[in-house]
Amino acid sequence: MAEENNTTIETIILIDTIERLGLGYHFEDEIEKQLEQIYKFHHLNSQEYDLYTTALQFRLLRQHRHNIPCDVFNKFKDNNNDDKFDDKFASNAKELLSLYQAAHLRMHGENILEEALVFTRHHLNRMLPQLVSPFRDEVKQALEQPVHTGIPRIEARKYISIYETNHDAKSEMILKLAKLDFNFLQNLYKKELILLMRWWNNCGVKSKVSYSRERIVASYLWGVTCHFEPQYSYVRIAYAKSVELLTKINDTYDNYATVEEANLFTEILERWDINEINKLPTDCMRIIYKCTLNLYEDYEREAIEQEKIFAVPYAIEAVKQICRAYFKKMKWFTERQLPTFDEYISNSWITSCIYVFYTFIVPGMKSVSKENIDWLTSDEPSRLIVGASNITRHLNDLTSYEREKRNGIMLTGIECYMKHYGVSKQEAMKKFVELADEGWKDVNTEWINSNNNNNYSIPKDYFEGVLNYARSGEVFYRKSDFYSDPEGLAQQIIDLFVDPIII
C-alpha cells in the first residue's frame, strides 16, 4: 500500500509541476486520465498521506472538477484542542503553503477550510521573515496571490522562476519546455496585440474621444485570461475589442454625456440603424456609435463563417442591455436617488460586462451552442454567473470608491449598502470583501460540481472562460483598480508580453 501511495504522490507532484509551469494544456487528456484514476481508487483519508500531500491532491482534484469532501483534513485536527488544526503543523511552512493553496477551493459551509485559511495565513505571515529565499519568495507570492484565483499565464511566468531556483529535483527538460512554450505564446501575443492596435487606430476613436481611458494592453490581458492557449486567438482579440469598446461607452455615460444626450444615445443604439447616426448630438458619440455597429457587423460575418449565426441576436441585445443599465445608473446619480442595494446589485450584474464578453467570443468557441447562450443569458442567472459577476463588481466598487468620491460620483455600491443597511463606510467595505469571497464560493461550487451534474451541458472551455473572468476581476480589482491605473500590473504585463525568458 505504501509503495502504491508513493507512486501516486510522484504522479500528483508531476502533474502539479506541469500545470504550474503552464504546460498542462499540452497533456490535458493524460492528466485527466491520471486524476480520474486517483479520484476513484485512492482515499485521501488514508493515514499514509501527510498534510502536504493531502492538500496537494485535494487542490488538484477540485481544480479538475472532482468533488473531494473537505473532511479529508479532519485527521490533521487536534481533538484535545477544540478540533483546531494541530499546532505541530504551525512550524512546517511547506505543509502550510500546500494547505493554504487548497483552502481557496472552498465551497459554502466548509468551515474546516475557512479555519485552514485563517490558520495557514497567520502562520505563514508569522514565519515569512525567518524563511530563506527562494522558498520565502514562493510563500510571499502565494500570500499576495493564491494560484487558484490568479491569472493562469501570470502565475505560470512566476512559477517558472520559482521552479528554476527553488527545486533541487527539478527536471531540466520540463523547465526548458516551459520556457520554450512561454516564449512561443509570448510571440503569438505580440502579433495579436499588433492586430488589435491596428484595429483600434482604424476605428478613429483614439484621437477623438479624449475623455475616456485608453487601455488596449489591459483589455488584451482580460482576453488572455479568458483563454491563453494558441487555438483561442479569435477569443482573445474579440474579448479585448469588447473590453475597449465598453470602456469608451461606459466613460461616455460617466464622464461626458448629459442625461438628455445619454438618453438619446441609448434610444438610437436600441434601434441599431446606422442611418440614425446624425441624430446624435456630438462627434464623440457618433464615432463610438459607428465603431460599435462596425464591430458587430464584423462579428456577424465571422459568426456566419463559423456557423454561429444564432449568437448574433444575443450579442447585439447584450450591448443594448448594458447601455440601458449604464443609463439607469446615470439617472440614479443625476436625480440623487440612491436605489436599494438589491436594485443596485441586479443592475450591476449587467454592468459587470459578463453578458457582452461571453456572447461576443462565441464565434471563436467551436463547442458553444445556442442552448449554451440561453444558459448564459437566462432571466434567472446561474450561480456561476452571479458569483463571477459579484467578485468583479464588489471588488471594483471597493477599490474605485475613494477615486469616484474624489471625482464627485455619489452613486457607488458602497453608498447604496451604507444607506440600505444603515452602516458605516468601514462596515460596508468589510462587507464587500466578504461578498467577493462568497462569490468565489459560488464559482467554486459550480465549477467543482459541473463535471458530475447532469443538469450541465456547458462545454468545459466556455465554463472555464467564466471562471477566468472571475480571476480577471480578482487580479484587476482586489488590491486596487488596476484597470483604471494599470501601473500596479506593469511588471506582470512586461513579463507576459515584452520580455522573453532566457533559455
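- Ion pairing of Arg301 with Glu305 is absent here, as no side-chain N (NZ or NE/NH1/NH2) approaches a carboxylate O to less than 4.0 Å.
- In this structure the side chain of Tyr417 never reaches within 4.5 angstrom of the side chain of Thr412, judged on heavy atoms.
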Worksheet entry | Lys241 vs Leu196, side chain to side chain contact (heavy atoms under 4.5 Å, CB included): CA-CA, chis, key distance, verdict | CA-CA 7 Å; Lys241 287 179 178 179; Leu196 190 61; 3.6 Å; yes
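- Panel note: side chain Tyr469, backbone Ser389; no donor-acceptor pair is recorded below 3.5 Å.
- For the pair Asn372/Met365, no side-chain contact is recorded, criterion being any heavy-atom separation below 4.5 Å from C-beta on.
- Ion pairing between a basic and an acidic side chain is recognised when a charged N comes within 4.0 Å of a carboxylate O; Lys441 and Glu438 show such pairing.
- Under the 3.5 Å distance criterion, the side-chain polar atoms of Tyr100 are matched with a main-chain donor or acceptor of Ala142.
- Ring-plane geometry between His420 and Phe341 is classed as tilted, the angle between the planes lying from 30 to 60 degrees on a 0 to 90 degree scale.
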Discussion item. Set out, in order, the CA-CA distance, both residues' side-chain angles and the distance that settles side chain to side chain contact (heavy atoms under 4.5 Å, CB included) for Gln231 and Lys366, then state yes or no.
Written reply: CA-CA 10 Å; Gln231 67 268 32; Lys366 293 181 180 179; over 6 Å; no
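- For the residue pair His148/Gln101, the side-chain donor-acceptor check at 3.5 Å is not satisfied.
- A 6.0 Å sphere centred on NZ of Lys320 holds more than 12 heavy atoms belonging to other residues, nucleotides or ligands.
- Ile361 is listed as a side-chain neighbour of Cys226, based on a closest heavy-atom distance under 4.5 Å.
- Contact annotation: the side chain of Arg215 never approaches that of Val243 to less than 4.5 Å [non-hydrogen atoms, C-beta and beyond].
- In this structure, Trp222 and Phe476 have parallel ring planes: the angle between them is below the 30° cut-off, well short of the 60° mark.
- Under the 3.5 Å distance criterion, the side-chain polar atoms of Tyr163 are matched with a main-chain donor or acceptor of Ser171.
- Remark: Arg157 is positioned above the aromatic ring of Phe182, its terminal NZ or CZ atom under 6.0 angstrom from the ring centre and at most 45 degrees off the axis.
- No donor-acceptor contact under 3.5 angstrom links the side chains of Ser352 and Arg393, judged on distance only.
- Checking side-chain atoms of Lys208 against main-chain N and O of Cys284 turns up no donor-acceptor pair under 3.5 Å.
- Side-chain N or O atoms of Arg136 include one that pairs as donor or acceptor with a backbone N or O of Leu128 at under 3.5 Å.
- Between Leu185 and Val224, the closest side-chain pair of non-hydrogen atoms is not below 4.5 Å.
- To the nearest 0.5 Å, atoms CG (Leu246) and CD1 (Ile322) are separated by 4.5 Å.
- In this structure, NZ in Lys170 is found 11.5 Å from CG in Leu21, a value given to the nearest 0.5 Å.
- Using modelled atom types, one finds no donor on one side chain facing an acceptor on the other under 3.5 Å when comparing Arg198 with Asn201.
- For the residue pair Asp495 and Gln491, a side-chain donor N or O sits within less than 3.5 Å of a side-chain acceptor on the partner.
- Ring to ring, Phe228 and Tyr25 are close: their centroids are under 6.0 angstrom apart.
- Here the side chain of Trp447 pairs no donor or acceptor atom with the backbone of Glu464 at under 3.5 angstrom.
- Counting non-hydrogen atoms of neighbouring residues, nucleotides and ligands closer than 6.0 angstrom, the CD atom of Glu335 exceeds 12 such neighbours.
- Taking the side chain as every heavy atom from C-beta outward, Ile493 and Val498 never approach each other to under 4.5 Å.
- Checked by atom type, the side-chain pair Glu270/Thr266 shows no donor-acceptor distance below 3.5 Å.
- Among Asp251, Asn255, Thr252, Asp254, the one residue that satisfies the side-chain hydrogen bond (donor to acceptor under 3.5 Å, both in side chains) test with Tyr211 is Thr252.
- In this structure, Lys460 pairs ionically with Glu28, as a charged nitrogen and a carboxylate oxygen lie closer than 4.0 Å.
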Practice prompt. Could you give me the CA-CA distance, side-chain angles and deciding distance for His104 and Trp440, then say whether side chain to side chain contact (heavy atoms under 4.5 Å, CB included) is met?
Written response: CA-CA 8 Å; His104 285 87; Trp440 269 114; over 6 Å; no
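- Of the possible donor and acceptor atoms, none in the side chain of Tyr344 sits under 3.5 Å from a partner among the backbone N and O of Pro339.
- For the pair Glu144 and Lys140, the salt-bridge criterion is met [side-chain N within less than 4.0 Å of a carboxylate O].
- Taken to the nearest 0.5 Å, the CZ atom of Phe360 stands 13.0 Å off from the SG atom of Cys353.
- The 12-atom threshold is exceeded at NZ of Lys179, counting heavy atoms of other residues, nucleotides or ligands nearer than 6.0 Å.
- A donor-acceptor pair is defined here as one N or O able to donate and one able to accept, closer than 3.5 Å; such a pair exists between the side chain of Asn183 and the backbone of Ile501.
- For the atom pair CD1 (Ile288) and CG (Leu293), the distance works out to 13.0 Å, reported to the nearest 0.5 Å.
- Between Tyr355 and Pro381, some side-chain heavy-atom pair lies under the 4.5 Å cut-off.
- With a 6.0 Å radius and a threshold of 12 heavy atoms from other residues, nucleotides or ligands, Lys190 has its NZ atom above the threshold.
- Between Asp283 and Arg286, the closest side-chain pair of non-hydrogen atoms falls below 4.5 Å.
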Worksheet item: Please walk me through it: do Tyr314 and Asp374 pass side chain to side chain donor-acceptor pair (under 3.5 Å)?
Response: CA-CA 9 Å; Tyr314 294 89; Asp374 285 333; 2.5 Å; yes
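- Counted within 6.0 Å of NZ on Lys308, heavy atoms from surrounding residues, nucleotides or ligands total more than 12; the atom is thus considered enclosed.
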Discussion item. Show, in sequence, the C-alpha distance, side-chain angles and deciding distance for Thr225 and Arg153, and conclude whether the side chain to side chain contact (heavy atoms under 4.5 Å, CB included) test is met.
Written reply: CA-CA 7 Å; Thr225 306; Arg153 212 62 198 157; over 6 Å; no
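- With no hydrogens or angles considered, a side-chain donor-acceptor pair links Asp137 and Ser133 at under 3.5 Å.
- At a threshold of 4.0 Å, the pair Arg471-Glu474 does not count as salt-bridged, since none of the basic side-chain nitrogens sits closer than that to a carboxylate oxygen.
- Nearest approach of Tyr289 to Ile268, heavy atoms of both residues: OH-O, 3.4 Å.
- Rounding to the nearest 0.5 Å places CG of Leu384 at 11.5 Å from CG of Asn449.
- Residues Tyr401 and Phe432 keep their aromatic ring centres 6.0 Å or farther apart.
- Salt bridge present: Arg478 and Asp437 bring a charged side-chain N and a carboxylate O closer than 4.0 Å.
- The ring pair (Phe, Tyr, Trp, His ring centres under 6.0 Å) with Tyr358 is formed by just one residue from the set Trp375, Phe463, Tyr239; it is Tyr239.
- Taken to the nearest 0.5 Å, the CG atom of Asp397 stands 11.0 Å off from the OG1 atom of Thr392.
- Salt-bridge annotation for Arg324 and Glu267: absent, with no side-chain N of the basic residue lying under 4.0 Å from a carboxylate O of the acidic one.
- Checking side-chain atoms of Arg213 against main-chain N and O of Glu244 turns up no donor-acceptor pair under 3.5 Å.
- Put simply, the side chain of Asn396 never gets that close to the backbone of Gly473: no donor and acceptor are under 3.5 Å apart.
- In the model, Asp461 has no side-chain atom that pairs as donor or acceptor with a side-chain atom of His227 under 3.5 Å.
- In the model, Trp332 has no side-chain atom that pairs as donor or acceptor with a side-chain atom of Glu343 under 3.5 Å.
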